[in-house]
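Okay, so here's the structure we're looking at.
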There are 4 protein chains.
Amino acid sequence: MVKQPAPDTTRRSEKSRRAIYDAALALVGEVGYPKTTIEGIAARAGVGKQTIYRWWSSKAEVLMEAFLDLGEQSAREAGQESYAFPDTGDLAADLKAVLRATVDELRDPRFEVPSRALAAEGVVNEQLGRELVAKLLEPSLQLYVDRLRTAQDTGEVRQDIDPRIALELFVSPLAQRWLQHTGPIDHTYTDTLVDYALYGLAPR
Amino acid sequence: MVKQPAPDTTRRSEKSRRAIYDAALALVGEVGYPKTTIEGIAARAGVGKQTIYRWWSSKAEVLMEAFLDLGEQSAREAGQESYAFPDTGDLAADLKAVLRATVDELRDPRFEVPSRALAAEGVVNEQLGRELVAKLLEPSLQLYVDRLRTAQDTGEVRQDIDPRIALELFVSPLAQRWLQHTGPIDHTYTDTLVDYALYGLAPR
Amino acid sequence: MVKQPAPDTTRRSEKSRRAIYDAALALVGEVGYPKTTIEGIAARAGVGKQTIYRWWSSKAEVLMEAFLDLGEQSAREAGQESYAFPDTGDLAADLKAVLRATVDELRDPRFEVPSRALAAEGVVNEQLGRELVAKLLEPSLQLYVDRLRTAQDTGEVRQDIDPRIALELFVSPLAQRWLQHTGPIDHTYTDTLVDYALYGLAPR
Amino acid sequence: MVKQPAPDTTRRSEKSRRAIYDAALALVGEVGYPKTTIEGIAARAGVGKQTIYRWWSSKAEVLMEAFLDLGEQSAREAGQESYAFPDTGDLAADLKAVLRATVDELRDPRFEVPSRALAAEGVVNEQLGRELVAKLLEPSLQLYVDRLRTAQDTGEVRQDIDPRIALELFVSPLAQRWLQHTGPIDHTYTDTLVDYALYGLAPR
DNA sequence: TACTAACCGAGACGGTACGTCTGGTCTTGAC
DNA sequence: GTCAAGACCAGACGTACCGTCTCGGTTAGTA
């Protein structure tokens with residue numbers, strides 16, 4: 001392992017950074033993750049390979065930052081209300097609405113290829129996986145936690161439930177079906193998940 | 001893409017096949033999936049590269065078959081009772097027992113590296129993913145389905161529940177935590193999942 | 001080195017032998033010597049590879065036999081007078097006539113590719129080279145020796161001349177030009193060679 | 001065939017070039033031409049294969065340049081007088097001396113293996129053959145032409161003789177014997193050739 | 001007429017080298 | 001010092017052949 005001399009961030013070329021993000025996302029979308037190469041990104045971005053190696057340590061890292069940047073950009077464009085979780089007073093309805101939106105997003109081909117690529121890398125590369133979870137997944141899940149806490153206050157959810165675990169009852173099935181192709185994902189499916197989770201499998 | 005003229009299966013060398021499986025699993029365990037190469041497998045197995053390319057079309061496919069074979073072998077050694085799902089009459093206890101065993105298996109380093117490698121490949125390669133699911137995952141899930149059906153007969157589970165979806169309430173959270181490193185997995189965690197799923201989040 | 005058990009020549013398949021000769025010559029003509037492979041010959045001849053390895057030890061040997069066979073065939077077709085060297089009583093005229101015929105033959109594309117291939121192999125592989133010389137070249141040169149001996153008898157050539165060396169004065173220049181592309185070969189050139197060789201470079 | 005984008009000659013590594021030449025000549029000398037491989041040269045030279053493919057298009061081309069370079073080096077070391085052709089006023093003696101030296105050189109094993117390999121390649125590959133002739137053979141032959149011209153001036157050789165053809169009478173026989181193993185080469189043989197060529201076969 | 005031993009077509013096998021592609025490092029010259 | 005450019009060492013890719021081997025199926029000559 002060679003000690004790199006810690007490049008000077010202040011002199012970094014913003015234009016190159018943007019071009020690299022764009023090239024990385026475009027290539028992953030066009031030819032898929034495995035055929036996306038550092039060389040290819042550099043060439044498409046009109047950038048020297050060293051400029052990539054100077055600032056990132058792997059293809060996955062480049063793509064992750066590019067993807068995070070894409071998310072921030074969309075967020076900035078859409079304004080701040082996009083992060084708000086609905087609270088109509090009807091927990092089941094709110095959860096179903098959010099999950100339906102998630103289903104739609106998971107099917108958007110613009111996000112699908114890079115998302116899958118990153119998720120796959122995260123399965124095998126624990127460090128990158130944890131970074132992904134921390135920066136991309138956990139912030140979204142926190143919104144569920146908050147909504148479930150509110151529901152506990154209003155008595156819609158039992159007090160002794162741990163919301164961080166509870167949310168997995170409907171989020172994880174959807175995640176697994178998408179990740180592992182274990183089944184189709186659609187709105188009725190997520191609606192069912194919410195119902196099962198809220199009211200349990202056992203007779204009441 | 002060149003059409004290969006379909007090699008003659010009857011003349012296939014069983015010894016080579018075994019050696020390739022062993023080498024593939026050993027290498028994935030030792031150096032990890034990305035650093036496992038076809039050349040490396042061939043060299044370690046004492047086999048020509050062409051013998052691998054003749055019968056498999058990718059590293060992932062080799063590893064999948066090797067892994068499946070490993071499973072079949074273990075199954076053959078363990079006898080048939082290993083596939084039996086416990087049915088003590090107490091559904092919650094049975095599910096908790098099986099999930100605890102699954103937790104232990106997921107943590108077994110012998111299985112972890114190849115499993116993660118295959119899962120990661122399956123995320124990105126739909127065809128291989130579906131094959132994995134069909135051959136490795138679905139057979140296990142079917143046992144949950146059967147046990148849940150029995151529980152429906154005894155009245156422990158409501159009649160209108162779809163068991164294939166129901167099982168995801170406790171299986172998928174575990175799967176996601178393992179796959180994506182979204183949280184720790186242990187016996188109390190899976191116990192909690194079963195309780196939440198069976199009795200719901202809402203007050204009874 | 002493994003001792004092969006000396007295959008039984010009496011049971012050899014004449015049909016295969018012919019097919020191999022034909023395939024070898026055809027392939028050398030079509031794709032050139034380096035791209036002609038044993039596999040290719042076997043496939044084109046509709047013959048197992050082992051049938052070639054059983055009877056020959058190298059690609060060069062196959063081609064040499066095929067070429068020799070081709071020569072014998074032509075000879076058999078042409079009748080026996082083809083080997084006769086002209087003797088009109090005028091040595092210079094006779095030599096010029098034969099060399100002109102040789103020029104024409106060297107330019108015949110049907111013979112050129114395999115001849116060059118064999119000659120090249122013979123340059124580097126002394127054993128094969130000597131075999132080629134003994135079977136293909138020396139018999140032709142012997143005819144020059146005979147004609148020169150006759151000329152010594154008639155007084156056209158000095159008695160103290162060694163005919164085997166003398167013939168090289170006009171044969172070798174032609175051979176070298178053809179082999180090494182050191183110059184053009186045509187009838188006036190060989191005529192000149194004969195004149196120079198017979199009457200010398202020094203003033204008479 | 002892919003068009004490569006013409007590598008930048010100014011940035012070429014001189015050290016690698018030298019190492020490749022050395023490795024190529026060493027390997028050809030040690031294991032022979034056919035067993036010399038590009039991979040082997042690269043490994044021995046401590047160079048990536050691509051560095052060879054970037055600058056040369058075939059094994060033969062590498063070896064030819066290496067051989068030419070070797071010749072230039074020897075020439076540079078030996079100084080310029082090595083190229084001088086003797087002119088004692090006695091043409092026969094001068095020719096005999098030079099041919100005797102040539103015989104010795106042809107027998108020097110250091111030169112023999114690569115020379116034969118290149119000559120063989122040149123027989124079959126016309127382009128390379130012509131390059132070899134132009135760069136290696138023709139410059140030497142030109143010295144004979146010059147000496148013969150001088151001899152024409154002094155009356156030792158007839159005016160109507162073409163020196164370029166005349167020299168072949170003694171050079172080509174030697175070349176053919178060496179190339180094709182058609183006979184032994186030694187000093188008496190070349191002496192004889194000079195005598196025959198100068199004074200002719202016919203009685204004077 | 002059956003037996004048997006060799007040849008035969010076919011092609012899988014363990015290998016080696018091919019020529020290409022990419023990874024990650026290093027160097028050069030422009031800015 | 002960063003940047004675009006790209007040569008460099010390294011080594012895996014997937015392909016093509018090598019020469020050996022094993023498999024059934026002819027096809028003799030012997031019993």
Side-chain angles (χ1 to χ4, degrees), chain A residues 2 4-5 7-13 15-16 19 35-40 42-43 45-55 57-59, chain B residues 1-2 4-5 7-13 15-16 19 35-40 42-43 45-55 57-59, chain C residues 2 4-5 7-13 15-16 19 35-40 42-43 45-55 57-59, chain D residues 2 4-5 7-13 15-16 35-40 42-43 45-55 57-59:
Chain A
V2 174
Q4 57 239 37
D8 181 346
T9 322
T10 65
R11 308 190 49 177
R12 183 166 183 184
S13 160
K15 206 177 68 177
S16 295
K35 293 199 152 179
T36 297
T37 65
I38 301 255
E39 296 220 336
V47 139
K49 283 203 287 178
Q50 197 57 296
T51 301
I52 298 185
Y53 284 110
R54 189 159 21 234
W55 303 108
S57 62
S58 69
K59 180 169 67 161
Chain B
M1 191 64 75
V2 176
Q4 59 245 36
D8 181 345
T9 321
T10 65
R11 301 188 47 187
R12 183 165 183 184
S13 161
K15 206 176 69 175
S16 295
K35 293 199 153 179
T36 297
T37 64
I38 301 250
E39 292 216 339
V47 138
K49 282 202 286 178
Q50 202 53 45
T51 300
I52 298 186
Y53 286 109
R54 196 172 1 248
W55 303 110
S57 61
S58 67
K59 180 170 67 162
Chain C
V2 175
Q4 58 240 39
D8 181 347
T9 323
T10 66
R11 305 190 50 178
R12 182 167 185 183
S13 160
K15 205 177 68 175
S16 295
K35 294 198 152 182
T36 296
T37 65
I38 301 255
E39 294 218 338
V47 139
K49 282 202 288 177
Q50 198 59 282
T51 301
I52 298 185
Y53 284 110
R54 187 159 24 234
W55 302 109
S57 61
S58 69
K59 177 170 71 162
Chain D
V2 176
Q4 58 246 37
D8 181 346
T9 321
T10 65
R11 302 189 46 186
R12 182 166 185 182
S13 160
K15 206 176 67 175
S16 296
K35 293 199 154 181
T36 296
T37 65
I38 301 251
E39 293 216 336
V47 138
K49 283 202 286 178
Q50 202 53 45
T51 300
I52 298 186
Y53 285 110
R54 190 167 13 243
W55 302 110
S57 61
S58 69
K59 179 170 71 162

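Here is the naming used below: chain letters follow the sequence lines, and residue numbers restart at 1 for every chain. Keep in mind that what you see is a predicted model, and the values were worked out from it rather than measured.
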| message | Does C:G40 reach a base, just sugar-phosphate, or nothing at all? Heavy atoms under 4.0 Å. | response | nothing
| Would you say F:dA4 has OP1 or OP2 under 4.0 Å from some side-chain N or O of A:S16? | yes
| request: Check side-chain hydrogen bond (donor to acceptor under 3.5 Å, both in side chains) between C:S57 and all other residues, then give those that pass, not counting sequence neighbours. | output: C:E61
| A:S13 vs F:dT2: side-chain N/O to OP1/OP2 distance below 4.0 Å | no
| message | Please tell me if B:R54 has a side-chain N or O lying less than 4.0 Å from either OP1 or OP2 of E:dC13. | response | yes
| query | B:W55 side chain N/O closer than 4.0 Å to the phosphate oxygens (OP1, OP2) of E:dC13? | reply | yes
| task | Provide, to the nearest angstrom, the distance between the CD atom belonging to B:E39 and the C1' atom belonging to F:dA10. | result | 12 Å
| said: Is there a side-chain contact between A:T37 and the phosphate of E:dT22, meaning an N or O under 4.0 Å from OP1 or OP2? | reply: no
| said: Taking atom types as they are modelled, would you say the side chain of B:K49 forms a donor-acceptor pair with the base of E:dG15 within the 3.5 Å cutoff? | reply: no
| hbond_proxy D:Q50 side chain to E:dC21 base (donor-acceptor, 3.5 Å cutoff) | yes
| task | Return the value, rounded to whole Å, for the distance between atom NZ of C:K35 and atom P of F:dC18. | result | 14 Å
| said: Working to the nearest 0.5 angstrom, can you tell me the gap between C:Q50 CD and C:I52 CD1? | reply: 10.0 Å
| task | Could you check how far CD1 of D:I38 sits from P of F:dA10, rounded to whole Å? | result | 17 Å
| Given F:dA7, F:dA12, E:dG19, the nucleotide with the shortest approach to the side chain of D:Y53 | E:dG19
| said: Restricting to side-chain hydrogen bond (donor to acceptor under 3.5 Å, both in side chains), what partner residues turn up for D:K49, sequence neighbours left out? | reply: D:E39
| field | Spacing of CH2 belonging to D:W55 relative to OG1 belonging to D:T9, to within rounding of 0.5 Å | value | 5.0 Å
| said: Heavy-atom nearest nucleotide on DNA chain E for B:R12 versus C:R12: which residue maps closer to 5'? | reply: C:R12
| message | Expressed as a whole number of angstroms, how long is the span from D:R11:CZ to E:dT27:P? | response | 11 Å
